[in-house]
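Only one structure is covered here, and it is reproduced in the block below.
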Amino acid sequence: MIGLLESLARPLLRMLDPEDAHRLAVQALKFPPFVKLVADDPRLAVRAFGLNFPNPVGMAAGFDKNGEVPDALLKLGFGFVEVGTVTPLPQSGNPRPRIFRLDRDEGVINRLGFNSEGAAAVLRRLAARANEGGIVGVNIGANKESADRIADYVRSIETFAPVVSYFSVNISSPNTPGLRELQQAKMLDQLLARVMDARTRMSREAGTTPLLIKIAPDLTLGELDDIVGAARRHHVDGMIIGNTTVVRPTALRDQATAREAGGLSGRPLFALATRMLAETYVRVEGAFPLIGVGGIDSGETAVAKIKAGACLIELYSALVFHGLRLVATIKAELSDALRREGHASIDELVGTDAAAMTAERWPV
Ligand SMILES: Cc1cc2nc3c(=O)[nH]c(=O)nc-3n(C[C@H](O)[C@H](O)[C@H](O)COP(=O)(O)O)c2cc1C
């Protein structure tokens with residue numbers, strides 16, 4: 001049923017401006033067709049940061065920025081949903097057009113700049129569904145005009161702790177000038193001290209909400225050493241690798257669109273993001289789990305992410321080109337891969353190729 005609706009709708013959606021198509025997709029999910037929930041293969045279950053994920057395939061941040069449709073996405077088969085990025089105050093983001101499809105590369109460039117309805121509106125929605133079950137995290141960011149950006153993250157932790165499954169602290173969007181400087185050693189140390197303190201304070205009333213940091217794929221390995229060092233010192237619960245890239249691989253075919261400013265995602269991001277994931281995995285030494293994001297568009301690329309070090313994965317851009325049925329396809333192919341390779345669980349695959357990957361030539 002989903003497949004049929006999608007085959008009819010997708011050519012139409014592709015004729016629209018990407019942002020209008022996205023808006024329409026979110027609206028459509030508010031009236032999801034009746035789907036019979038099929039239980040996930042038990043081998044796909046993952047336990048991480050104290051949470052039990054029915055399967056490892058999550059919706060990445062940016063699709064449901066305002067928490068409008070997390071339950072529809074869970075119903076469609078995602079193992080978890082990351083709502084956001086949410087900023088404390090509402091803001092409109094950059095002028096349109098600000099999302100571009102690179103059709104021939106199956107890539108997307110966006111420079112949305114944290115368009116957000118703001119924390120109060122998103123809190124209302126997440127509070128209303130808080131007893132529904134399912135793993136719904138929130139990705140938090142800072143307002144563009146904020147005088148104290150770290151205070152924005154603290155405020156959002158205080159706001160959302162009672163209603164979310166985990167926090168993703170987004171310090172890697174390329175579209176808010178200066179935001180990525182929070183990844184630098186001194187700033188990151190201050191940020192992590194304050195957000196972890198807020199998380200601990202909130203744990204009295206909300207329980208301990210896992211806190212992850214989401215980093216950029218565009219870091220030197222020296223910067224990555226510092227980030228992993230700080231994350232381990234401050235005992236964060238995990239890392240998400242990673243956000244979109246400002247790099248433009250030379251092999252891009254849609255060269256004209258590639259000149260648009262913003263963060264590139266989708267297939268052209270896969271090699272870089274997967275390499276950074278492997279580099280992170282070998283530095284983390286099992287201290288906490290990793291979520292792998294960037295260019296996943298098949299069972300094969302999902303397995304590669306897991307072998308590079310991710311116990312959970314997220315995707316967004318590939319859904320633009322392959323539709324929501326990709327989620328079911330990836331889960332089926334993951335199950336097949338486990339069966340074929342004789343594994344009882346995802347855990348057994350995590351990081352098995354990481355060390356070898358770090359010895360390969362740097363992807364360009
Ligand atoms: C249109 C669009 C909007 C996005 N917005 C956000 C966002 O608000 N916060 C965030 O952390 N990442 C955002 N992302 C990045 C995704 O969460 C993800 O990290 C990145 O796209 C790589 O995954 P993919 O190749 O599967 O798309 C956005 C991506 C796209 C394409």
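Computation of the quantities below employed the complete heavy-atom set of this structure, encompassing side-chain atoms and omitting hydrogens, waters and symmetry-equivalent molecules. Indexing begins at 1, ligand by ligand and atom by atom, following the structure's order.
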Please determine if [X] has a nitrogen or oxygen closer than 3.5 Å to a nitrogen or oxygen of ligand 1.
{"X": "Thr85", "result": "yes"}
{"X": "Ala318", "result": "no"}
{"X": "Glu314", "result": "no"}
{"X": "Val293", "result": "no"}

Among all protein heavy atoms, pick out the one at the shortest distance from [atom]; state its residue, atom name and that distance to 0.1 Å.
{"atom": "atom 16 (C) of ligand 1", "answer": "Ala61 O, 3.4 Å"}
{"atom": "atom 3 (C) of ligand 1", "answer": "Leu112 CD1, 3.6 Å"}
{"atom": "atom 27 (O) of ligand 1", "answer": "Ser317 OG, 2.6 Å"}
{"atom": "atom 15 (C) of ligand 1", "answer": "Asn243 OD1, 3.6 Å"}
{"atom": "atom 5 (N) of ligand 1", "answer": "Gly62 CA, 3.2 Å"}
{"atom": "atom 12 (N) of ligand 1", "answer": "Lys214 NZ, 3.1 Å"}
{"atom": "atom 8 (O) of ligand 1", "answer": "Lys65 NZ, 2.8 Å"}
{"atom": "atom 31 (C) of ligand 1", "answer": "Ser265 OG, 3.4 Å"}

Does a salt bridge link [X] with [Y], judged by any charged N lying under 4.0 Å from a carboxylate O?
{"X": "Arg47", "Y": "Asp347", "result": "no"}
{"X": "Asp41", "Y": "Lys331", "result": "no"}
{"X": "Arg275", "Y": "Glu360", "result": "no"}
{"X": "Asp197", "Y": "Arg194", "result": "no"}

Close approach of [X] to ligand 1, heavy atoms, under 4.0 angstrom:
{"X": "Ser173", "result": "no"}
{"X": "Gly242", "result": "yes"}
{"X": "Gly295", "result": "yes"}

Checklist outcome for this item: For Leu269, the ligand 1 atoms with a heavy-atom partner under 4.0 Å come out as 22 (C)

Next on the checklist: Centre-to-centre under 6.0 Å for His235 and Phe288, is that the case here?
Outcome noted: no

Item to check | Heavy-atom side-chain proximity of Asp226 to Leu188 below 4.5 angstrom | outcome: no

Checklist entry - So do the side chains of Glu82 and Val138 get within less than 4.5 Å of each other, counting heavy atoms only? => result no

Checklist outcome for this item: Closest heavy-atom pair, Asp237 versus Arg199, reported as atoms and distance to 0.1 Å, is OD2-NH1, 2.9 Å

